[in-house]
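Everything numeric here is computed off the predicted structure, so don't read it as measured data. Sequential numbering from 1 along the given sequence is applied to the chain's residues.
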Amino acid sequence: MAVSESVMKKVLLSYTYVSIWIFLSFSVIIYNKYILDQKMYNWPFPISLTMIHMAFCSSLAYILVKIFKLVEPISMSFDIYLKSVVPIGALYSLSLWFSNSAYIYLSVSFIQMLKALMPVAVYSIGVSFKKESFKKDTMINMVSISLGVAVAAYGEAKFDVFGVTLQLMAVAFEATRLVLIQILLNSKGIKLNPITSLYYIAPCCLVFLSLPWFIMEYPLLRDKSSLELDLWVFGSNSLCAFALNLAVFLLVGKTSALTMNVAGVVKDWLLIAFSWSVIKDTVTPLNLIGYGLAFLGVAYYNHCKLMALKASEAQKRVQQEDDTEAGKLLEEKDGKEDEEDSKKNEN
């Protein structure tokens, strides 16, 4: 009975972490759409919004790492920081900039459909960087996801070429960032959780975004005499963005990255439903058919990842058991040899 209660507590905790992550991720996306959309809050400055997020998150991360010492900072040289962290920060800043910009031109539902291309981008870039091995079955699955997204795009009622280009570039930059994390950080034994990631990477993003902000948005903000920065709106929005990173820390730490991927699929469907029912975005049958095809491809991709992970863990267990058995046999052999030596000495 005690075991059952323990398992039940773990299951409930897992569902709680998943629910918190879905709620916060959902909230940040809808909140960003609300702020940037010209028909809603009408503050179409995506670089400025991203910089506000980065400034807020880097400040809070510094407080949690340096003052409260919630997590330990990673020891790294300036050379490693420059060659490993800075490129990742540059890619992250571009990914956030373009993805936030897309909210001005596209509906929330269609953006979620386009994001289904993320596994395709990660796999393709992983193969090109030789971090993933080319597999015919996997590539066929990637093509099916792409076709599904293409059908969804064809059925989009408010298709905007510039908005789609922005979102696809955001996906490409984010996928490259994820692959480079494996190459530049994980291969060197540097593991960053969401808090230390913000601590090291958010200031980089702030620096990289300052140049396009100064050229593209600063003149518009300067000339907008009626502009008032609502501290409640932007403060709560930034807090949601930071809380989302903490939720990622909890979700991945207490469950797994694969759980987050599966939860992400649930979140996408909820966003599509919310976008259609509350924001009144047009969702066509062709949209749903296309995204349904892409969804099946993504679900199959996650299933294959899970199977590969289980096989890897099983192989590790077998290896550990073999090593343990070999150790026991070696100990027995040494023990027998010691006994024989002692008998010889007695004789």
What is the distance from atom CD1 of I111 to atom CD1 of I29, rounded to the nearest 0.5 Å?
8.5 Å
How long is the span from the SG atom in C205 to the CG atom in L209, to the nearest 0.5 Å?
6.5 Å
CG-CD1 distance between L244 and I20, expressed to the nearest 0.5 angstrom:
11.5 Å
Considering only heavy atoms from C-beta outward, does the side chain of F23 approach that of K267 to under 4.5 Å?
no
S93 OG to I47 CD1 distance, which is reported to the nearest 0.5 Å:
10.0 Å
With side chains defined as the heavy atoms from C-beta onward, is the minimum distance between V164 and V161 less than 4.5 Å?
no
Tell me, with the steps shown, if L180 and I125 meet side-chain contact (heavy atoms from CB on, under 4.5 Å).
CA-CA 10 Å; L180 282 187; I125 293 167; over 6 Å; no
Residues that, via side-chain heavy atoms closer than 4.5 angstrom, fall in one hydrophobic cluster with Y300:
none
T196: which residues meet the side chain to side chain contact (heavy atoms under 4.5 Å, CB included) condition with it, sequence neighbours left out?
V71, L192, N193, Y200
Please tell me if the side chains of V108 and I30 come closer than 4.5 Å, counting only heavy atoms from C-beta onward.
yes
So S107 and E156, do their side chains get closer than 4.5 Å, heavy atoms only?
yes
Within this structure, what is the OG-CG distance for the pair S124 and L117, rounded to the nearest 0.5 Å?
9.5 Å
Ignoring hydrogens and angles, write down the donor-acceptor pairs under 3.5 Å from the side chains of residues 143-150, residues two or more places apart or on other chains.
residue, atom, partner, partner atom, Å
S144, OG, N141, O, 2.5
S144, OG, N141, OD1, 3.4
S146, OG, M142, O, 2.9

So the ring-ring contact (aromatic ring centres under 6.0 Å, His included) pairs with at least one residue in residues 75-122 (sequence neighbours excluded) are F98-F173, Y105-F162
Quick one, P44 and N42 - any side-chain contact, counting heavy atoms below 4.5 Å?
yes
Give a yes or no on this: more than 12 heavy atoms of other residues, nucleotides or ligands lie within 6.0 Å of atom CE of M216.
no
Count the heavy atoms belonging to other residues, nucleotides or ligands that lie under 6.0 Å from OH of Y15, then report whether that count exceeds 12.
no
So how far is it from L168 CG to S99 OG, rounded to the nearest 0.5 Å?
12.5 Å
Just to verify, what does T282 make a side-chain hydrogen bond (donor to acceptor under 3.5 Å, both in side chains) with, not counting sequence neighbours?
none
Mind checking what makes ring-ring contact (aromatic ring centres under 6.0 Å, His included) contact with F274, not counting sequence neighbours?
F26
Please list, chain by chain and in numerical order, all residues satisfying side-chain hydrogen bond (donor to acceptor under 3.5 Å, both in side chains) with W276, sequence neighbours excluded.
none
Could I get the full list of ring-ring contact (aromatic ring centres under 6.0 Å, His included) partners for F208, not counting sequence neighbours?
none
Could you list who else is in Y154's hydrophobic cluster, with ILVMFWY side chains joined at under 4.5 Å, directly or through other members?
V151, L286
For a quick test of your reading: what N or O donor-acceptor pairs under 3.5 Å do the side chains of residues 48-61 make, sequence neighbours left out?
residue, atom, partner, partner atom, Å
S48, OG, W213, NE1, 2.9
S48, OG, E217, OE1, 2.6
T50, OG1, P46, O, 2.7
T50, OG1, N100, ND2, 2.9
H53, NE2, N237, OD1, 2.4
S58, OG, M54, O, 2.8
S58, OG, A55, O, 3.1
S59, OG, A55, O, 2.7

Can you list every pair that meets salt bridge (Lys or Arg N to Asp or Glu O under 4.0 Å) and has a residue in residues 113-132, with sequence neighbours left out?
E132-K305
Sorted by first residue and then second, give each salt bridge (Lys or Arg N to Asp or Glu O under 4.0 Å) pair with at least one member in residues 81-97; sequence neighbours left out.
D79-K83
Check: M113 and D268 side chains under 4.5 Å, non-hydrogen atoms
no
Neighbour count >12 (heavy atoms, 6.0 Å) for atom CZ, F134:
yes
Mind checking whether Y218 and L220 have side chains closer than 4.5 Å, heavy atoms only?
no
Would you please indicate if the ring centroids of W43 and F45 are separated by under 6.0 Å?
yes
V266 side chain near I22 side chain, heavy-atom distance below 4.5 Å:
yes
Do the side-chain N and O atoms of S236 and Y31 include a donor-acceptor pair separated by under 3.5 angstrom?
yes
